[in-house]
> 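Below you will find the structure I want to go over with you.
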Protein chains: 2
Amino acid sequence: MPKIVDHDARRRELARAVWQVIRERGVAGASVRAVAQRAGWSPSSVQYYFSTQAELLNFAMRVIADETERRADPAHLPADPHEAALALFDRLLPLDPDARTANEVWVAFLSRVLVDAEAGAFNAASNEWLAEVFRDQLQRLVAAGRVSPAIDLDLEVDRLRVLFDGLALHLVTDAPRMPPERARELIRHHLETLSPSAAPDR
Amino acid sequence: MPKIVDHDARRRELARAVWQVIRERGVAGASVRAVAQRAGWSPSSVQYYFSTQAELLNFAMRVIADETERRADPAHLPADPHEAALALFDRLLPLDPDARTANEVWVAFLSRVLVDAEAGAFNAASNEWLAEVFRDQLQRLVAAGRVSPAIDLDLEVDRLRVLFDGLALHLVTDAPRMPPERARELIRHHLETLSPSAAPDR
DNA sequence: ATGCGGTGCCCAAGATCGTCGATCACGACG
DNA sequence: CGTCGTGATCGACGATCTTGGGCACCGCAT
């Protein structure tokens, strides 16, 4: 067994190069050759770890999804459900530069969801995961009396999912009209409207 | 002046070929050659009308955007503001195959919004237009007593924009979990929650 | 009617890309 | 010290986008 290399580490290293190239030239510019050059390797070396370009891009996408899920770890959230929900959105929305970069790359990957079956599966799984997270948060808020128990949970989960993804999209693609503070305001307001004490005028 | 051809008509003809190819082979299959073959021309002829592939796809998207704006023409909307709003969303959301194709192209272009200045400007203008449309609708609903006059109009416009774009995104990228009927339901429910008579529990 | 110029269309070549096969370097183990 | 598998590379093929040049044809001026 000669010259043992940590394959997974090398693959993650290449994934980072993919993100950089995508941010600089867009997903269309994320050629195998460009990624290889960015990472300081020959195109053939990249192919040694990813036999196909789709495999490379899909892996880069999966790494982002994994990091996002890790960020959402409920371990260090505030005890109060309402505070916890707000904190969770702060972590999930692309409000800081790192998360913003991840979301820019994610937006770029969206085009592949329509074309690549595996990317589509990742996207579906990611949506499924987010639905679970939001369902859990809403249930906690209901249990704490911060959200009316009479809501249609499935419907509100979907509304929150859609609102969240639209918000993430606007934060990245329409920054001038959607600064981070505005996004926080919208989330706060939306949760407010679910409150049992919410007057219809507010 | 020899052999005069209506350039704009020819360009729209090619745009239609783009939609057909996208529907058959996806966005990735929308190569210049494939579009040319579909339209019955040589790749070079297409090049004569669109010097670059991005230009071709850009134009195809713009045509669809124009048609969408035309479809949103409030002239033939129902008189009742609430019915009119629902009808408008039916027209704007990618519920039928044509509108769906348009939105697939839109999703594919989202990645370019971050790296291409022209795509960015187009996206910004589109968002601006949509904000105006939604603001107008909300104002009509308020005037008709279907939406509480106490709402923060700017905030609700933004919430509706974000909800709408998230909905359009999910309709295209997560069709199994977001069928057209569910999208209609979400819109109806969201407008319901803005109603002055909306009980907090519903 | 006839030549001329511009328009519409196309071929061919250059550049880039994804992928495949063959090849080289090298270190661990027998 | 030889052998073999791993890591890394090069070269080539086909497909693609793009550019530059060239061909055909139409309509007006002469």
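Within every chain, numbering begins at 1; the chains are lettered A, B, ... in the order of the sequence lines, protein sequences first and strands thereafter.
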> Carefully, step by step, assess B:Phe134 and B:Phe89 under the rule ring-ring contact (aromatic ring centres under 6.0 Å, His included).
CA-CA 10 Å; B:Phe134 286 165; B:Phe89 280 110; 5.4 Å; yes

> Within less than 4.0 Å of OP1 or OP2 of D:dA8, is there a side-chain N or O belonging to A:Arg10?
yes

> Nearest whole angstrom, please: distance from the C1' of D:dA24 to the OH of B:Tyr48.
13 Å

> Yes or no on side chain to side chain donor-acceptor pair (under 3.5 Å) for B:His190 and A:Arg159, after CA distance, side-chain angles and deciding distance?
CA-CA 8 Å; B:His190 185 73; A:Arg159 191 153 70 115; 2.7 Å; yes

> So for atom CZ, which belongs to B:Arg182, do other residues, nucleotides or ligands contribute more than 12 heavy atoms lying within a distance under 6.0 Å?
yes

> Within this structure, what is the CG-to-C1' distance between A:Asn58 and C:dG18, rounded to whole angstrom?
15 Å

> Check step by step if side chain to side chain donor-acceptor pair (under 3.5 Å) holds for A:Asn58 and A:Arg112.
CA-CA 9 Å; A:Asn58 286 337; A:Arg112 289 181 43 73; 3.0 Å; yes

> How many Å lie between CZ on B:Phe50 and P on D:dT19, as a whole number?
15 Å

> Rounded to the nearest angstrom, tell me the gap between atom CG in B:Asp6 and atom C1' in D:dC26.
17 Å

> Does a side-chain N-to-carboxylate-O contact under 4.0 Å join A:Arg71 and A:Asp96?
no

> Could you give the CH2-to-P distance, from A:Trp41 to C:dA25, as a whole number of Å?
17 Å

> Looking only at atom types and distance, does a side-chain atom of B:Arg100 sit under 3.5 Å from a main-chain N or O of B:Leu171, one as donor and one as acceptor?
yes

> For a quick check, with a 4.0 angstrom heavy-atom cut-off, what is the B/S/- contact string for nucleotides 12-18 of chain D, read 5' to 3'?
B---SBB

> Does D:dG7 have its OP1 or OP2 closer than 4.0 Å to a side-chain nitrogen or oxygen of A:His7?
yes

> Mind checking A:Tyr49 for me? I need base, sugar-phosphate or nothing, with any heavy atom below 4.0 Å counting as a touch.
sugar-phosphate

> C:dT16 C1' sits how many Å from A:Arg25 CZ, rounded?
12 Å

> Distance check needed: C:dG18 C1' versus A:Asp116 CG, whole Å only.
14 Å

